[in-house]
Structure formats: structure tokens, C-alpha cells
Protein chains: 2
Amino acid sequence: MAQNKKAEFSEADQKIADLARVLGHPARIAILRILAEKNTCICGEIVEVLPLAQSTVSQHLKELLQAKLIQGTVDGLKSCYCINHETVTEFSKELDFLFKDLLTQPNCCN
Amino acid sequence: MAQNKKAEFSEADQKIADLARVLGHPARIAILRILAEKNTCICGEIVEVLPLAQSTVSQHLKELLQAKLIQGTVDGLKSCYCINHETVTEFSKELDFLFKDLLTQPNCCN
DNA sequence: AATGCATATCGTAAATATACGATATAGTCA
DNA sequence: TGACTATATCGTATATTTACGATATGCATT
């Protein structure tokens, strides 16, 4: 049981859902905020600030990378992450469309 | 291990993350779209349209309810769900603020 | 009262996510 | 070269999510 049925939904909804899922953990939102604030792209500082082990932070960074919400370049010893403006902007637009769709009809349960 | 550390993040980020997590499955986005389109609030029709068992759809509805993304009233035999405009609107605004925060600084990794 | 219908809940199996410590990797500096 | 540092990956325990069938609930109709 519990086979994955996500693939049976529309591409568009899968795409939104996948990005939403990645935003669906407060640690990842916190990481995004940190990267956005100090755009010097440090990574070790994230570990200092968050109540998580270094390996856990690294895992969250990997998820954010895979979703392309951030981009990273390895700069010698310390790797350099920052917000991927393009993905964030596109996701923001897609959500706007979704929410507009959800709000067009009047609410029938009032 | 794997104790839940979500509570150690800011209230605001927890709130956004929780709603994002609920949007993080294409079935739930599809359900929202269906409810938004035909605002007659049927429930059985969702089961017909989606590639999921009735009990699974019911579970997804419960999650959407708990997140207050939808509201439901039991109308005799068939229960009646619809979009909760208030929550959707508020979530939309909160995401706008978040995305604005994430995009203020120029991207340093270019 | 008995039957039928729509929906919710329970029980459960499997998949995935979360978190950590330990270890590997790879650059830097003495 | 060797030690140190930063980050990534591995292994693993536990928690949570996803999905289903079976069953319960509760209204409606006969």
C-alpha cells in the first residue's frame, strides 16, 4: 500500500505542490530568510543560528537546492548559497494564479 | 532521534510552513480547485474525479479543514465543503510578504 | 425496523521526512 | 606533508505522511 500517486495529478499542480512541500518546514523558511538578509551567502552561520545540527542544516539546504529555491557555488572551503530569485519569483506568480482561481467564486457555505 | 524541532522556530514561520505543507500535495491542490470551480460543495464528486479511494480523499479533506483552507458543514446526508476565503486570502498575503523579504537584496551568486 | 447511501474513522502497510552522530571530502594554512 | 576547518554524505532511529480496505456512523427511504 501507500504507493505514490502524486504523478497522476497535473504537472502544474505537482510543480506547485513540490515547492510548497519544500516551504512546508519552518527550518527551510528560516534558512531562506537568513540567506536573503545577509546576502554574503555564508553557510556556517546558518548552523550557528538555527537549533539544528550541521548535518541537518545541510540536508535542508540540499532540499532547497533541489527545488531550485536557492543556488549554491562552492567557493574553495566555504560553499556559497543564495536565494534563486528566478524560482522564487515564478513560484510567487504561480501561487497568485492559484489563489486567484480559488477565490473567484463566492463562498457558498455562508 | 528525529524529535520534532518545528516548535523552536518563529510562530510566523511555523504558520506559513504549516499551510505550505498542506498545499504540498497535488491531491489537495486538486481538491481546492474542484471546490473552487463548482461552488456547490459536493464531496462525492471529488472521489469520482480523483485517482484516490474515498477514505484517502476524506483524509485529505480533513487536513484541509484542520488548516482552515476549507470549511465544511454537514447537510444531512452529504457534507458540504468549500474554500475558506479568509484563510486563503491571509495566507496569500503572508506569502507575498515572505517573497518580498526574500527578493529585496540583489542576488549575490551571479 | 430494515435497507441503502454518503461520509468519516480505524487499522495498518509502506513511503518519506526529520534529525543526529559519525565519517568522508576537500580546501587552507602552518 | 600534516593538521585544521567547513561542508557533504552515510547510516540509522524515529516520526509523519500517504494510501487502502474494512468498518462505523448517521441520515433517508421503504
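A single hydrophobic cluster is seen to contain both A:Ile31 and A:Val49, as judged by linkage of ILVMFWY side chains at heavy-atom distances under 4.5 Å, directly or through other members.
Between the NE2 atom of A:His25 and the P atom of D:dA15 there is a distance of 14 Å, rounded to whole Å. Whole-Å rounding puts the A:Lys62 NZ to C:dA19 P distance at 16 Å. One atom, CG of A:Leu61, and another, C1' of D:dT9, lie 13 Å apart when rounded to the nearest Å. Across the protein-nucleic acid pair, B:Leu50 atom CG and C:dT7 atom P stand 13 Å apart, rounded to whole Å. Atom P of nucleotide C:dA14 and atom NZ of A:Lys6 are separated by 19 Å, given to the nearest angstrom. For the pair B:Leu64 CG and D:dT18 C1', the interatomic distance rounds to 14 Å; values are reported in whole Å. If you measure from atom CD of B:Glu63 to atom P of C:dA8, you get 14 Å, rounded to the nearest angstrom. One atom, CD of B:Gln3, and another, P of C:dA17, lie 19 Å apart when rounded to the nearest Å.
Side-chain atoms of B:His25 do not come within 3.5 Å of backbone N or O of A:Arg21 as any donor-acceptor pair.
Ion pair B:Lys68/B:Glu86 not flagged as a salt bridge, since none of the NZ, NE, NH1 or NH2 atoms sits closer than 4.0 Å to an Asp/Glu carboxylate oxygen.
In this structure, of D:dC10, C:dA19, C:dT18, it is C:dA19 that holds the atom nearest to the side chain of A:Leu52.
Side-chain atoms of A:Gln59 and base atoms of C:dA19 include a donor and an acceptor less than 3.5 Å apart. The base of C:dA8 sits within donor-acceptor range of the side chain of B:Gln54, with an N or O pair under 3.5 Å.
The phosphate of C:dA15 has neither OP1 nor OP2 within less than 4.0 Å of any side-chain N or O from A:Lys5. Contact annotation: B:Tyr81 reaches the phosphate of C:dA8 (side-chain N/O to OP1 or OP2, under 4.0 Å). Within the structure, every side-chain polar atom (N or O) of B:Arg21 is placed at least 4.0 Å from both OP1 and OP2 of D:dT16. Of the side-chain N and O atoms in B:Asn4, none sit less than 4.0 angstrom from OP1 or OP2 of C:dT18. Note on B:His60: a side-chain N or O is less than 4.0 Å away from OP1 or OP2 of D:dA19.
Atom NZ of A:Lys6 has more than 12 neighbouring heavy atoms from other residues, nucleotides or ligands inside a 6.0 Å radius. Surrounding NZ of B:Lys15 are at most 12 heavy atoms belonging to other residues, nucleotides or ligands under 6.0 Å away.
With the nearest nucleotide of DNA chain D identified for both A:Ser79 and B:Thr56, A:Ser79 has the one nearer the 5' end.
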